[in-house]
Amino acid sequence: MGFPAGTLTVELREAKDLSSEDWFGKNDPYVELWLDDDYKQRSSEVSNSNNPVWNETFTFNIAEGDSDKKLHLKIMDKDLFSDDKIGDCKINIEEVIEEGQVFEDWVSLPALLGLSSNGEVLVSISFEPSE
Ligand SMILES: [Ca+2]
Ligand SMILES: [Ca+2]
């Protein structure tokens with residue numbers, strides 16, 4: 001059993017308390033989002049902020065029978081040469097798709113062993129089945 005066909009809408013709102021990955025100043029954060037790592041989407045970057053606000057919307061087409069149950073978010077710090085990872089998280093989308101629930105919450109970016117946090121990100125996820 002996989003998912004019904006439809007559109008998954010992810011609203012990337014903001015993040016807070018991101019741990020700094022730069023020696024000077026604050027992060028320049030952007031986010032990569034994916035269900036299937038063959039198709040990654042990317043937000044714009046916010047310069048010099050550890051509390052960035054994006055308010056960007058991303059959509060993913062869900063084909064009937066799809067079964068990627070997690071939305072992956074990876075928060076990166078943009079640098080001149082090689083970007084640094086600030087943190088990442090996975091959000092289970094099964095209930096959003098199968099029960100039509102809207103997910104909206106702050107999600108922690110766990111640090112080493114999950115004992116501390118590299119920050120939190122606020123996202124909203126909803127699903128619209130196709131007719
Ligand atoms: Ca950096
Ligand atoms: Ca940077």
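Whatever order the structure lists ligands and atoms in, that order sets their numbers, starting from 1. Throughout, residue positions are numbered sequentially from 1 according to the sequence presented.
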Identify each donor-acceptor pair in which a side-chain atom of residues 7-15 lies under 3.5 Å from a protein atom, sequence neighbours left out, and give them as a table.
| from | atom 1 | to | atom 2 | distance (Å) |
| --- | --- | --- | --- | --- |
| Glu11 | OE1 | Arg13 | NH1 | 3.2 |
| Glu11 | OE1 | Arg13 | NH2 | 2.9 |
| Arg13 | NE | Glu104 | OE2 | 3.1 |

Which atom pairs, one a donor and one an acceptor, fall under 3.5 Å between side chains of residues 106-118 and the rest of the protein, sequence neighbours left out?
| from | atom 1 | to | atom 2 | distance (Å) |
| --- | --- | --- | --- | --- |
| Ser117 | OG | Gly119 | N | 2.9 |
| Ser117 | OG | Gly119 | O | 3.0 |
| Asn118 | OD1 | Ser19 | OG | 3.3 |
| Asn118 | ND2 | Ile86 | O | 3.1 |

Would you be so kind as to tabulate the donor-acceptor pairs closer than 3.5 Å made by side chains of residues 30-40, with sequence neighbours excluded?
| from | atom 1 | to | atom 2 | distance (Å) |
| --- | --- | --- | --- | --- |
| Tyr30 | OH | Asp83 | OD2 | 2.6 |
| Asp36 | OD1 | Asp38 | N | 2.9 |

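In this structure, the separation between CG on Leu73 and SG on Cys89 is 4.5 Å, given to the nearest 0.5 Å.
For the Ca ion (ligand 1), protein N/O/S neighbours under 3.0 Å (waters excluded) are Glu21 O, Asp22 OD1, Asp77 OD2, Asp79 OD1, Asp79 OD2, Asp84 OD2.
Environment of NZ in Lys90: sparse, with no more than 12 heavy atoms of neighbouring residues, nucleotides or ligands closer than 6.0 Å.
The minimum heavy-atom distance linking Ile93 with Asp68 is given by the pair CD1-O, 3.4 Å.
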